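So the structure is just underneath, and the comments pick up after that.
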Amino acid sequence: MSILTRRQFGKTAALSTAAALAGVALPKFGLAQPHVSTLSFPQGFLWGCATAAYQVEGGAAEDGRGPSLWDVFSHTPGKTHLGETGDVADDSYHRYKEDIQLLKALGVSTYRMSLSWSRIFPSGSGAVNPKGVDYYNRVVDELLANNITPYVTLFHWDTPAGLAGGWQNRDTSKAFGDYAAYIGKHFSDRVKHFMTTNEFTCFTDLGYRIAQFAPGLKLANGAANQVRHHGILAHGLGLQALRANSPSDVQVGLAENAVVYVPVIETDAHIKAAQKATRVGNAPFLTALMEGKYIDEYLQQEGADAPKVEAGDFKAIGGALDFVGLNIYTPTYVRADDSKLGFAVEPAPTSYPHMASPWLTLGPECIYWGVRNVVDLWSPKGIFITENGCSSDDVPNDAGQIEDVDRVMYLRNHLTHLHRAASEGYPVKGYFLWSLLDNFEWADGYSKRFGIHYVDFKTQKRTPKLSAQWYREVIAKNAVE
Ligand code: GBH
């Protein structure tokens, strides 16, 4: 038996009390001091940051880029905060090298970016714009030269305005398939990870049902359901086209903000309810992809307004994914009840805390349940957190520093719960923090900052916030403390 020094004994005793309380197996006496407070992520876990083309690039009319529905919408009076647009945004179209150095300083191994479809096909289909292709070739090559792996989203809401009828028109889904084939052909020698679409609900429902996002329409239920179908069909056709035009080492997934149902209490009954809610609550989107059909609950609920599906649609939509990317920000609490569906969503009390954006209610356990519900239901091959982060009313202090302790709090807590998922064996492969930079926050214009780098939009100067320093530590240690 090894003899303990007084100091070792003290530590071990404190540990054994904590471990006994937590029901954790104790290390044997005499081993190296364990660091029980360090939550290490699996080896090879990928750390990254995310952005999207229209939110950061600017250069809106440069080198032949065609307009997108977001250019049109943001230039329409009354649609965005103070009429702000993505015309200049972070000017990453010219400053991408500087931005890649920010990534390098953080130590990330990956960068999730999106392509502006209308930079590559100015009208959405037809003639290609070589200068747009060149821009993305330069960005991809610069990332690779800096040892940063690009994760590329083909569509983050900036639908080419030249596509007649937008997502009301089934031809837009086909045009997306053609665009994806082109991207596969010209980028898959260097880009090995693609996401087809970002967040179905945001470019379908928010744009076509409630008019909050581009193109700002309020269609009737049946027509809006058809728009949803065209959205997931685009994903399916894009998936097929990427596979058909890329070598076999290329991985294809998507980035989806599935509603995350969190059991009100961790009992078997509420956990089951959260699982049922995940399947039914995401029926038009993620459930349809994972099960290759619209489930009966959805079809019954929509009745005559259910989407019109053509032969072969679900063969594409239900195509196997290499990974599911989840954009996770907020929880939806759910409990078991004896209704037909077996669950009921709990409305949040008015006192419920949120971050700077009112919709961004706090509940860090959502990142654990988001992963767990999806894996328990459908066992995808792998999961990425393709977005997680928060807004804060960042203001530089007298020293010019941005001490965003609230963002650090948000991130630390979410990563702690993500660690729980990884340590329980859920196949979480990586995490992309939203966002690298403050940027054009859609209808909120520049009024909401999500970056871990502050951007002075007058000078385009980037300053790392406290959260950037904190994230660098997480990455260096592969752990959250
Ligand atoms: C993501 O969407 C997007 O992928 C990304 O582009 C965006 O910048 C980021 O999150 C931060 O918002 O105004 O109350 O009606 C997250 C899902 C959907 C959340 C739209 C905000 C508007 C809510 N978003 N929603 S509200």
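All values below come from the heavy atoms of this structure, side chains included, with hydrogens, waters and symmetry mates left out. The structure displayed is predicted, hence computed values, not measured ones. Whatever order the structure lists them in is the order used to number ligands and atoms, beginning at 1.
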> Should Phe432 and Trp434 be marked as a ring-ring contact (aromatic ring centres under 6.0 Å, His included) after you check the CA-CA gap, both sets of side-chain angles, and the distance that decides it?
Replying inline: CA-CA 6 Å; Phe432 294 89; Trp434 185 273; over 10 Å; no

>> Does Lys461, at its NZ atom, have more than 12 non-hydrogen atoms belonging to other residues, nucleotides or ligands within less than 6.0 Å?
In response: no

> After noting the C-alpha distance and the side-chain angles of Tyr136 and His186, does the key distance pass the side chain to side chain donor-acceptor pair (under 3.5 Å) rule?
Replying inline: CA-CA 10 Å; Tyr136 292 115; His186 291 85; over 6 Å; no

> With a distance cut-off below 6.0 Å to the six-membered ring centre and an angular limit of 45° from the axis, does Arg112 pair with Tyr151 as a cation-pi contact?
Replying inline: no

> Is there a donor-acceptor contact under 3.5 Å linking the side chains of Asp71 and Ser68?
Replying inline: yes

> If you draw a 6.0 Å radius around CG in Asp393, do more than 12 non-hydrogen atoms from other residues or ligands fall strictly inside?
Replying inline: no

Give me the pairs of N or O atoms, one from ligand 1 and one from the protein, that sit under 3.5 Å apart.
unit_1   : atom_1 : unit_2 : atom_2 : d
ligand 1 : 2 (O)  : Glu199 : OE1    : 2.8
ligand 1 : 2 (O)  : Glu199 : OE2    : 3.2
ligand 1 : 4 (O)  : His156 : NE2    : 3.2
ligand 1 : 4 (O)  : Asn198 : ND2    : 3.0
ligand 1 : 4 (O)  : Glu199 : OE1    : 3.4
ligand 1 : 4 (O)  : Glu199 : OE2    : 3.4
ligand 1 : 4 (O)  : Glu387 : OE1    : 3.0
ligand 1 : 4 (O)  : Glu387 : OE2    : 2.9
ligand 1 : 6 (O)  : Gln55  : OE1    : 2.8
ligand 1 : 6 (O)  : His156 : NE2    : 2.8
ligand 1 : 6 (O)  : Trp442 : NE1    : 2.8
ligand 1 : 8 (O)  : Gln55  : NE2    : 2.9
ligand 1 : 8 (O)  : Trp434 : NE1    : 3.2
ligand 1 : 8 (O)  : Glu441 : OE1    : 2.6
ligand 1 : 10 (O) : Tyr329 : OH     : 3.2
ligand 1 : 10 (O) : Glu387 : OE1    : 3.4
ligand 1 : 12 (O) : Glu441 : OE2    : 2.5
ligand 1 : 13 (O) : Gln212 : NE2    : 3.0
ligand 1 : 15 (O) : Gln212 : OE1    : 3.1
ligand 1 : 15 (O) : Gln212 : NE2    : 2.8

